[in-house]
Amino acid sequence: VDLVPTFRDAPEPGPGEVRVRLEASGVCHRDLIDREGRIPFLSPPVVPGHEGVGVVDAVGEGVTDWAVGDRVATMHRDACTTCDPCRRGETSTCMRAAHVFGLTADGTYAGWVVAPQSAFYGVGDLPAGLAAVLHCTFGTAWRSLVTVGGLQEGERILVTGANGGVGQAA
C-alpha cells in the first residue's frame with residue numbers, strides 16, 4: 001500500500017464517538033505489515049497508524065467517558081465493553097470490536113482520528129512520544145510478561161533480542 005499525502009477537513013464524530021486532534025503517532029512493525037497489505041481485512045484506502053496521542057476536540061452525542069480538552073491515547077481498536085473478555089478487562093481480545101485504527105478505519109498518520117469512546121484511554125501529562133506508543137509497545141510487553149506469563153514483583157527475567165521497541169519495553 002503506497003503512502004500518498006492527502007489533506008482533509010477534520011471529520012465529525014457521530015453518536016458515541018470522540019474526535020482527537022493528534023499530537024504524535026507511533027510507528028511500529030504492524031505498520032509495515034499493514035503497508036504490505038498482509039492483513040486480510042485491510043480496507044483501503046485507509047490512513048495507516050494505530051498508535052496516537054492527542055487532545056479531544058469534539059464529542060458526539062451520548063459520549064460520557066471523555067470531554068473536550070481531555071488528553072487521550074489510542075487503543076488499537078474499540079471494545080464492546082459487554083462481552084466476557086471485556087468484562088474481565090481483556091479488551092484487546094474483544095470479538096465484537098469493529099473499529100481498528102489503520103485497518104478498517106482511518107488511523108493516526110492523520111491530523112485527527114474519530115472513533116468510539118472505548119478506543120481511547122487517558123494519558124494525563126505524559127510526554128507525547130511516550131504516550132503515543134504506551135499501549136502498543138509497552139502494552140504488548142506487559143501482556144506477554146504479566147498477563148500471560150505471570151511475572152510477579154521481585155522476579156527476574158532475561159529479555160533476549162531486545163533491539164526493538166517491545167523488547168526494550170520488556
Side-chain angles (χ1 to χ4, degrees), residues 1-81 86 91-94 96-143 164-169:
V1 177
D2 293 329
L3 295 179
V4 179
T6 304
F7 296 94
R8 301 179 183 172
D9 292 331
E12 290 300 321
E17 293 183 330
V18 174
R19 183 176 71 200
V20 175
R21 174 74 171 115
L22 292 165
E23 298 171 5
S25 176
V27 179
C28 82
H29 188 71
R30 195 197 98 183
D31 295 309
L32 301 176
I33 294 168
D34 296 351
R35 286 175 35 201
E36 290 173 355
R38 295 182 2 207
I39 303 291
F41 56 90
L42 178 68
S43 303
V46 66
V47 175
H50 61 280
E51 301 175 304
V53 63
V55 176
V56 173
D57 71 352
V59 297
E61 180 182 338
V63 169
T64 57
D65 295 347
W66 307 111
V68 171
D70 288 343
R71 194 151 176 271
V72 299
T74 57
M75 306 287 273
H76 289 236
R77 59 195 183 127
D78 67 331
C80 77
T81 71
C86 284
T91 58
S92 64
T93 59
C94 174
R96 296 182 192 146
H99 186 103
V100 184
F101 287 110
L103 294 178
T104 65
D106 285 342
T108 60
Y109 289 16
W112 294 268
V113 289
V114 171
Q117 64 182 337
S118 64
F120 302 98
Y121 66 97
V123 294
D125 293 330
L126 282 176
L130 174 60
V133 300
L134 189 62
H135 180 261
C136 183
T137 305
F138 287 86
T140 299
W142 178 271
R143 181 171 173 75
V166 174
Q168 290 180 18

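Computation of the quantities below employed the complete heavy-atom set of this structure, encompassing side-chain atoms and omitting hydrogens, waters and symmetry-equivalent molecules. Along the sequence shown, the residues carry numbers beginning at 1.
Minimum heavy-atom separation, Ser118 to Thr81: CB-CG2, 4.2 Å. Residues Val114 and His99 approach most closely at O-CE1, 3.1 Å, considering heavy atoms. Taking all atoms of both residues into account, the shortest heavy-atom contact from Val113 to Leu22 is CG1-CD1, 3.8 Å. Considering every non-hydrogen atom in both Ala24 and Ala132, the closest pair reads O-CB, 4.0 Å.
The shortest side-chain heavy-atom distance between Thr91 and Cys86 falls under the 4.5 Å cut-off. Within the 4.5 Å cutoff, side-chain heavy atoms of Tyr109 are placed close to those of Asp31. A heavy-atom distance below 4.5 Å is found between the side chains of Ile33 and Ile39.
Applying the side-chain hydrogen bond (donor to acceptor under 3.5 Å, both in side chains) test to Asp65 and every residue at least two apart in sequence or in another chain returns nothing. With sequence neighbours excluded, no residue forms a side-chain hydrogen bond (donor to acceptor under 3.5 Å, both in side chains) with Arg77. For the side-chain hydrogen bond (donor to acceptor under 3.5 Å, both in side chains) test, no residue two or more places apart in sequence or in another chain qualifies with Gln168. For Arg38, the side-chain hydrogen bond (donor to acceptor under 3.5 Å, both in side chains) partners two or more places apart in sequence, or in a different chain, are Glu36.
Pairs of residues two or more places apart, or lying in two chains, that qualify as side-chain hydrogen bond (donor to acceptor under 3.5 Å, both in side chains) and include a residue from residues 10-30 are Glu12-Arg19, Arg19-Asp57, Glu23-Arg71, Ser25-Thr108, Arg30-Asp34. Applying the ring-ring contact (aromatic ring centres under 6.0 Å, His included) test to pairs two or more places apart or on separate chains, those with a residue in residues 45-66 are His50-His76.
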